[in-house]
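Read through the structure below, which is laid out as structure tokens, and then see the notes.
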Amino acid sequence: MSTIRDLLVELTGTAEYAEQIGDDVDLAASGIDSGDLVRLVLLVEQRLGVEITAEDMEGLHTIADYERFVAEHAAAGTPGTAGVGGAAGASGSA
């Protein structure tokens, strides 16, 4: 299971949801509400040490988007705002 999936299990309290959703499925369209998305961002920041700004969130829609974003920023040791590879990311800083 991916790191983001692990966080989704923690967030939702059920492994079934995280296991059933595809990597490229829009999380908001799959039943995650905006409050849960904010909580997911907070979990990513707390557990993985990768800052995600409000601008970055605009380009993070799928598990794959989050995984790619975390991998890019954890490896670079930089906060967010660099955009998301392959997705419509944001640029600039908050």
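Note: hydrogens, waters and symmetry copies are ignored here, and every other heavy atom, side chains too, is used.
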Distance from L37 atom CG to L42 atom CG, nearest 0.5 Å?
11.0 Å
Tell me which pairs pass salt bridge (charged side-chain N to carboxylate O under 4.0 Å, His left out) where either residue lies in residues 26-37, with sequence neighbours left out.
D36-R39
Which heavy-atom pair separates V25 from S30 by the least distance, and what is that distance?
CG1-CB, 4.1 Å
Are V38 and M57 side-chain neighbours, meaning at least one heavy-atom pair lies under 4.5 Å?
yes
When L40 is tested against each of L27, L60, I52 for side chain to side chain contact (heavy atoms under 4.5 Å, CB included), which residue passes?
L27
Just verifying a value: how many Å separate T62 OG1 and E67 CD, rounded to the nearest 0.5 Å?
9.5 Å
Output yes when D23 and R5 qualify as a salt bridge under the 4.0 Å nitrogen-oxygen rule, no when they do not.
yes
Please tell me whether T14 and E16 have a donor and an acceptor in their side chains that are separated by less than 3.5 angstrom.
yes
When rounded to the nearest 0.5 angstrom, what distance separates CD in E10 from CZ in R47?
4.0 Å
Please round to the nearest 0.5 Å and tell me the distance separating atom OH of Y66 and atom CG of D56.
10.0 Å
Can you name the nearest heavy-atom pair linking L8 to A18, along with the distance?
CB-CB, 4.1 Å
Residues G59 and D65: closest non-hydrogen pair is O-OD2, 3.6 Å
Do you see a donor-acceptor pair shorter than 3.5 Å between the side chains of T3 and D6?
no
Kindly determine whether I21 and I32 satisfy side-chain contact (heavy atoms from CB on, under 4.5 Å), including the steps that lead there.
CA-CA 11 Å; I21 188 168; I32 294 284; 5.9 Å; no
Determine the minimum heavy-atom distance between G22 and I63, stating which atoms define it.
O-CD1, 4.3 Å
